[in-house]
Structures are given as structure tokens and as C-alpha cells.
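Only this structure's heavy atoms are used, side chains among them; waters, hydrogens and symmetry mates stay out.
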Amino acid sequence: MGQVSETILQHVYQSLSGLTDGQVKSKADELAGYYGVHLATVYRWASLGGLRWRKQKASKGRSKVPESALMQAGALLYSSRRVSNEIPLPGCDAVEILADSGLLNVDVSTGRFLGIMRQKQISAQDILRPSPHQTLLSKHPNHVWQFDVTNCLQYFLDTRGMGERDQEMELYKNKIVKTAKTIKKELLRYVAVDHCTGAFYFRYFYASGERAIDGSQFLFEAMRPKDELLEKYFPEPLAKSRAGKYRMHGVPFILIPDKGSIIVDKANKHLFESLRMEVIPHMPGNPRAKGAVEGMMHFINRFESRLKFKRPRELDELNRWALDWCVKINAINLMRGVAPRSAMWSRIKPEELRLCPEEQVYRLLIRKPIITPTANGACIISVLGGRYKIPHSGAAHRQVEVAIYPYEYGRDGSIEAHFDGQVYLLKPIPRDDYGRLSQGTVYGEYHTPKETATQKAKKEFEKIGAEWGLTFKGTGDKRRANAPAVDFESPLQVFGHQADKVPNIAFMNPKGSELEIKRPDGPMNEAIKTQGPIEADRGIVNRRIPIMEFLMRLRSELGSLTAAMNTRIRSEFGESIEIKKAEEVIEGIKAATWPAAEDADAPDARREAI
């Protein structure tokens with residue numbers, strides 16, 4: 001049967017639409033008899049209009065494969081993804097690993113299992129698919145610039161000009177990495193693109209890698225009027241003929257780079273802050289964040305493809321060709337099919353165009369953070385491994401503010417020192433053949449450094465101190481003051497008036513408790529009488545010692561002590577003995593004069609003691 005007319009389809013649709021499942025069968029039989037076709041044909045015509053009466057299965061969309069098994073298979077695929085964004089583990093192997101590990105206990109074919117993973121969008125293809133992103137818009141020209149650097153490993157420069165490394169580099173990626181490690185210098189392409197208009201500028205540097213100094217130089221050229229570059233790279237007649245054909249300059253409001261050494265350099269950070277340029281580095285591994293410059297990198301390959309037919313003699317010639325190509329592409333090629341890039345950029349308004357400063361001012365904005373080293377006694381500071389002499393004697397042992405402008409006059413190690421309102425441009429002190437600082441004074445030619453403000457003030461201090469009766473002795477930093485004579489009438493009120501500073505107040509006198517004092521065992525000395533004026537006795541007080549202490553001392557002096565002598569001493573002196581009397585007894589016993597001779601028992605006592 002041929003194609004069905006629209007009239008029949010419309011009639012079938014109007015006849016069957018809105019009917020319940022029980023009413024459709026009879027009406028469809030009537031239509032089949034009317035048109036002389038089978039009942040299934042009528043249902044097929046109705047389906048072309050979107051009518052369906054077959055009930056969906058209650059299990060539609062369900063599967064006996066557990067959700068956990070599907071997620072585990074997806075985790076296996078996701079975990080095996082490489083840095084090159086490849087998943088080497090096949091889906092069938094993931095299913096096999098789950099089955100072998102006892103994590104898949106359902107009888108299902110591998111094809112059906114992988115089909116369910118595709119339905120749930122967790123297959124390998126879904127995992128590798130890029131994430132959705134937003135379309136970003138810039139408000140006007142110079143609102144957002146994108147900046148990037150790429151290395152052109154296949155090129156090199158030598159005395160004969162530019163050459164290629166294609167013969168040394170094979171398509172196998174590991175070979176490229178191995179070759180790249182042997183490269184000491186590489187050709188780097190710096191590109192800046194205006195996100196709104198697509199206007200761009202690029203140039204090449206030949207260095208060992210990305211350098212902050214090259215990045216700041218490139219941005220300066222990108223932000224300055226291009227007529228200046230034409231005058232720099234081309235002879236005057238050519239520069240004049242091409243003037244005004246390339247428009248892109250000014251300081252962008254926002255710069256989108258990657259987080260490389262150029263952006264994180266502290267000197268360049270000060271430059272961006274001074275130019276009020278907001279720098280927003282994108283996340284690593286997300287080149288779509290600056291898709292305009294990434295696309296421009298591929299577009300510039302059209303320029304580099306021409307290097308097969310002509311080799312530049314030097315880097316300046318290569319950059320001259322690149323600038324020439326920039327003039328043409330920005331002035332002629334339509335951007336988004338609307339207008340050339342230079343024409344679109346020229347629509348910028350005055351408030352949107354922030355002019356880049358002159359080169360001298362620009363370089364002064366590239367400054368490392370201020371540091372404050374402390375000078376030693378010779379007024380020498382240490383900065384970044386170098387030694388610098390501050391030509392101001394007052395800087396000794398003082399902090400000095402140091403500013404480092406690496407691209408202005410820092411190439412020879414010079415720094416800018418600020419002290420006492422003066423600014424000094426200092427160069428590092430060289431060392432002689434003996435490793436000593438070569439700047440100094442030779443013995444025999446010594447001259448005292450100029451007096452500092454503190455030294456001058458010290459002399460005035462001594463004059464003031466002389467009025468107070470002070471005298472100073474010593475030399476140099478060792479001079480010290482001596483107090484005036486006792487009878488000197490000093491104008492300074494120092495002592496004797498401190499209590500008068502207390503105002504007319506009185507404090508409460510709290511009551512205390514008596515302290516129980518342990519009385520000594522020996523007899524106490526006679527208490528000092530305090531009636532009337534106190535007269536202190538300047539004589540020696542007759543102290544007493546316990547008799548046991550005296551016996552122990554006597555035994556140590558004589559070597560031994562008899563019981564009769566012990567009894568005699570105790571009976572005569574009691575519990576204690578005066579120290580003076582004890583010494584006399586010891587000497588008397590040694591000299592055999594104690595006890596006295598008139599004592600009847602003295603001879604026997606002396607013999608026993610001896």
C-alpha cells in the first residue's frame with residue numbers, strides 16, 4: 001500500500017482521539033471496514049498522529065541489576081582514567097571484576113549490563129564527556145583579556161637561524177617527552193586576546209622557560225599602541241604606510257591567565273595592582289576557561305605553517321613577520337562574520353580605554369615588596385646575597401627600606417634604598433681576590449665617620465649632666481656617668497618627696513591574732529629595756545651553747561673523754577656553758593691548768609683527762 005493521504009490520517013485521528021480503551025476497538029473495526037484495510041493498519045495510522053492505547057509494562061524502566069553493582073562498575077571505569085583522558089579498562093572487564101569479586105550475583109549478560117550503564121549515563125563514554133559550561137560574555141572591548149603561553153618544541157634558534165626538530169621527534173608521545181627534557185632553550189609563543197572583539201597580539205621569546213620579565217615585556221607591548229611597535233620593527237617608510245591599520249591597546253580591566261610563574265611573581269603582582277588590573281587565574285586542567293586564546297593558538301598555526309617555506313635569520317625577524325601577520329588578520333579577516341577585529345575594537349568608548357603608561361613609568365611599577373634589612377655598624381646591608389653600603393652614617397644599626405625594581409635597573413643587582421628621607425641607588429659591593437668586601441678604608445688612612453644625630457646629642461647630654469653635678473669617664477660608646485659629691489646641691493629632686501605624692505587618705509588598720517612562738521630550750525638573754533632613749537650595747541654578747549655540744553667539741557679536741565671528767569663538767573656548768581668559758585676550759589685541759597690546783601681531786605682529774 002502506498003503513502004496514506006493526510007485527509008485519511010486526519011479523519012482517523014479525529015475519530016479515535018478522546019475515546020476510552022473500551023470504545024476504541026469498535027470504532028477501529030468500523031474504520032477498517034470503511035477503508036477496506038486490516039485493523040492493525042488503522043492502529044498504525046493512529047500512531048502516526050501520536051495516539052497510543054497499549055498499556056505500558058509495570059516494570060518499564062526497572063532492572064534486576066542492582067544499583068550498587070552499576071555504581072561499582074562506573075567507579076572502576078572512573079578510577080582507571082588516565083591523565084590523557086583515556087579509560088583503558090573495557091566495560092566488559094569491569095563486569096568481570098565485579099563477578100569475580102562476588103559483587104555481581106545477578107544472571108545478566110554483559111551487553112545488557114553495559115546497556116543499562118549507558119541508559120543511566122555512567123558508561124565510559126559518559127565519564128569522558130566534558131562537563132557542561134556557561135557561555136561567558138565580556139561587556140566591551142578591553143573588559144577582559146585572555147593571556148597564554150605555549151612552547152613550540154619543534155623549533156630552535158642557532159647561528160644559522162631557525163631550525164626544526166621534527167626529525168628528532170616521533171609521533172610516539174614518550175619520545176616527545178624524552179626529547180623535551182634535553183632541550184635547554186625553547187621557543188615560546190605569548191598570546192593576548194581581547195575576549196569581546198577577538199583582537200589579538202602575539203610574539204615569540206627564546207628562553208629556558210616562562211620568565212616573569214618576558215611576561216611583563218609582552219604585556220607592555222600588547223597594551224601600548226601598535227604604531228609604536230611598527231616603528232620599532234620596520235623601517236620608517238613601511239612603518240608610516242602601515243600606521244593606523246592595527247588597533248588594540250590599553251589596560252584591560254580583567255586578565256584571565258593560567259597560574260604560571262609570570263602571574264605569581266611578586267614584582268608583576270605589584271604591576272597589576274598599580275594598573276588596577278584584576279587578575280583571575282583559571283583552574284588547572286580547564287583550558288575552556290580561556291577558550292578565546294586557546295582557539296587563537298590553533299589559528300596562529302596557520303602563521304607557523306609558512307615557516308616551512310622561509311626560515312628567519314633571528315628572533316627579531318620572526319617577531320617582525322608575526323607583527324606583519326597580526327596587522328593583516330586584525331584588519332581584514334572578519335570576526336564572527338561581522339567585521340574585522342581592529343574595526344570592532346575601534347568601537348571602544350573613552351571611559352573603557354585606559355591608556356598604558358610610558359615604558360619608563362611602566363618599569364617602575366614592576367617592583368618587589370618593600371623589605372627592611374638592618375644595617376650593621378659599617379652601614380652595610382645584606383639583600384639577596386649582596387652587600388650594599390648606605391652612604392649615611394645614621395643608618396648604622398637602623399632599618400632601611402629597600403625597593404627592588406628588577407626590570408628597571410636591577411639587572412646588575414642594583415637596589416633602591418630609602419633612609420632619612422633620602423633615596424639612594426646602590427650597587428652591590430664587589431669582593432677582592434681574598435673574598436673581602438672591596439669597599440673600606442685602608443689602615444693608616446682611617447677617618448672617623450661623620451657624627452650621627454645620636455652622637456651629637458650625646459655631647460649635649462653630657463653638658464646637661466654637668467649642670468646636675470655628673471661627671472663622665474671613658475671613651476666612645478664606653479663613656480659612663482659618675483654620681484656627684486655627697487654635699488652637692490643638685491637641682492634635681494630625686495628622693496625624700498615620694499610620700500608627699502600620696503593624697504590625704506588613710507587606710508584601715510585590720511586587727512591581727514597573736515602568734516604562738518616556740519620558746520627555746522636554753523636560757524634566753526636578758527630582754528633589752530626600751531624605757532627612755534634606746535642605747536645599743538656595742539659589746540660582744542655572751543652567747544651560751546648546750547653542754548652536749550660542748551662535750552662533743554671537747555671529745556673532738558682531746559680524742560677521748562673519761563666518765564669522771566664528764567661528770568665534773570656537768571656538775572660545774574649544768575645544762576649550758578658560755579662560748580668564751582668553753583674555749584678557756586678546752587685550753588686549760590690541754591695545758592693541764594684546769595681544774596684549778598687547789599682542788600684536791602685536780603691531779604687525778606687531770607691525769608684522767610689526759
After noting the C-alpha distance and the side-chain angles of Glu359 and Arg363, does the key distance pass the salt bridge (Lys or Arg N to Asp or Glu O under 4.0 Å) rule? CA-CA 6 Å; Glu359 184 172 8; Arg363 292 188 179 278; 3.1 Å; yes

Between the side chain of Asp420 and the main-chain N/O of Gln422, is any donor-acceptor distance below 3.5 Å? no

Residues which pass side chain to side chain contact (heavy atoms under 4.5 Å, CB included) with Lys240, listed by chain and number, not counting sequence neighbours: Glu236

Sidechain-backbone polar pair: Gln146 side chain, Val293 backbone, donor-acceptor under 3.5 Å: yes

How long is the gap from CZ on Arg242 to CG on Leu230, to the nearest 0.5 Å? 7.5 Å

Could you list all the salt bridge (Lys or Arg N to Asp or Glu O under 4.0 Å) pairs where at least one residue sits in residues 246-257, not counting sequence neighbours? Asp227-Arg247

Would you please test Leu219 and Phe272 for side chain to side chain contact (heavy atoms under 4.5 Å, CB included) and show each step? CA-CA 11 Å; Leu219 290 175; Phe272 301 144; 3.8 Å; yes

Between Lys458 and Gln455, do the side chains contain an N or O donor and an N or O acceptor separated by less than 3.5 Å? no

Within the distance-only criterion (no hydrogens, no angle test), does the side chain of Arg570 pair as donor or acceptor with the backbone N or O of Glu575 below 3.5 angstrom? no

Taking ring-ring contact (aromatic ring centres under 6.0 Å, His included) as the test, write out the residues that go with Phe200, two or more places apart. none

Can you name the ring-ring contact (aromatic ring centres under 6.0 Å, His included) partners of Tyr233, sequence neighbours left out? none

Does Arg224 reach the main-chain N or O of Cys356 with its side chain, forming a donor-acceptor pair under 3.5 Å? yes

Atom pair CD1 (Ile381) and CD1 (Ile415), whose distance is rounded to the nearest 0.5 Å: 4.0 Å

Kindly give the heavy-atom pair with the smallest separation between Ser438 and Pro430, and that separation in Å. OG-O, 2.8 Å

With a 4.5 Å cut-off on side-chain heavy atoms, are Arg203 and Leu323 touching? no

List the residues meeting ring-ring contact (aromatic ring centres under 6.0 Å, His included) with His140, not counting sequence neighbours, and say none if there are none. His143, Phe253

Sequence neighbours excluded, the answer for side chain to side chain donor-acceptor pair (under 3.5 Å) partners of Glu489 is none

Hey, does the side chain of Arg341 reach the backbone of Gly198 with a donor-acceptor pair shorter than 3.5 angstrom? yes

Any residue meeting side chain to side chain donor-acceptor pair (under 3.5 Å) with Ser342, in chain and number order, not counting sequence neighbours: none

Straight-line distance of Met248 CE to Met223 CE, nearest 0.5 Å: 10.0 Å

Tell me the closest heavy-atom pair linking Tyr206 and Leu315, and the distance in Å. N-CD2, 3.9 Å

Flag, side chain of His270 to backbone of Leu365, donor-acceptor distance under 3.5 Å: yes

Is any side-chain heavy atom of Val144 less than 4.5 Å from a side-chain heavy atom of Leu136? no

Step by step, work out the side chain to side chain contact (heavy atoms under 4.5 Å, CB included) result for Val193 and Phe202. CA-CA 9 Å; Val193 180; Phe202 77 99; over 6 Å; no

Quick one: ring pair (Phe, Tyr, Trp, His ring centres under 6.0 Å) pairs with a partner in residues 361-397, sequence neighbours left out? Phe220-Tyr362, His392-Phe419

Non-hydrogen atoms of Asp194 and Asn142 that approach each other most closely: OD1-N, 2.8 Å

Begin from the C-alpha positions of Val149 and Asp258 and carry the test side chain to side chain contact (heavy atoms under 4.5 Å, CB included) through to its verdict. CA-CA 9 Å; Val149 182; Asp258 54 14; over 6 Å; no

Work out which heavy atom in Leu275 is nearest to a heavy atom in Val251; give both atom names and the distance. O-CG1, 3.9 Å

Quick one: are Leu353 and His249 in side-chain contact, heavy atoms under 4.5 Å? yes

Quick check against the 3.5 Å criterion: does Glu317 have a side-chain atom that pairs as donor or acceptor with the backbone of Arg313? yes

Please give me the minimum heavy-atom distance between Ala403 and Arg367, naming the atom from each residue. CB-CD, 3.8 Å

Could you check if a side-chain atom of Val191 sits within less than 4.5 angstrom of a side-chain atom of Asp148, using non-hydrogen atoms only? no

Hey, is the main chain of Val264 close enough, under 3.5 Å, to the side chain of Lys259 for a donor-acceptor pair? no

Do Glu352 and Lys139 have side chains that get closer than 4.5 Å, going by heavy atoms? no

Among pairs that include at least one residue of residues 481-504, which meet ring pair (Phe, Tyr, Trp, His ring centres under 6.0 Å), considering only residues two or more places apart or in two chains? none

Could you measure the distance from the NZ atom of Lys427 to the CD atom of Gln439? Nearest 0.5 Å is fine. 12.5 Å

Charged N to carboxylate O below 4.0 Å: is that the case for Lys269 and Glu273? no

Using a strict threshold of under 4.0 Å (side-chain N to carboxylate O), is an ion pair present between Arg479 and Glu462? yes

Between Asn268 (side chain) and Ile263 (backbone), is there a donor-acceptor pair under 3.5 Å? no

What is the distance from atom CG of Leu318 to atom CD of Glu314, rounded to the nearest 0.5 Å? 10.0 Å

Would you say the side chain of Pro391 lies within less than 4.5 Å of the side chain of Leu426, judging by non-hydrogen atoms? yes

Would Val400 and Tyr424 satisfy side chain to side chain contact (heavy atoms under 4.5 Å, CB included), going step by step from the backbone distance to the final call? CA-CA 11 Å; Val400 180; Tyr424 304 97; over 6 Å; no

Residues at least two apart in sequence or cross-chain that pass ring-ring contact (aromatic ring centres under 6.0 Å, His included) with Tyr201, listed by chain then number, are Phe218

Once you round to the nearest 0.5 Å, how far does NZ of Lys581 lie from OG of Ser576? 13.5 Å

If you compare all heavy atoms of Arg354 against all heavy atoms of Met277, which two are closest, and at what distance to 0.1 Å? NH2-CA, 4.3 Å

Set of residues satisfying side chain to side chain donor-acceptor pair (under 3.5 Å) with respect to Asn330, sequence neighbours excluded: none

Any pair with a residue in residues 378-402 that passes salt bridge (Lys or Arg N to Asp or Glu O under 4.0 Å), sequence neighbours left out, goes on the list, sorted by first then second residue, please. none

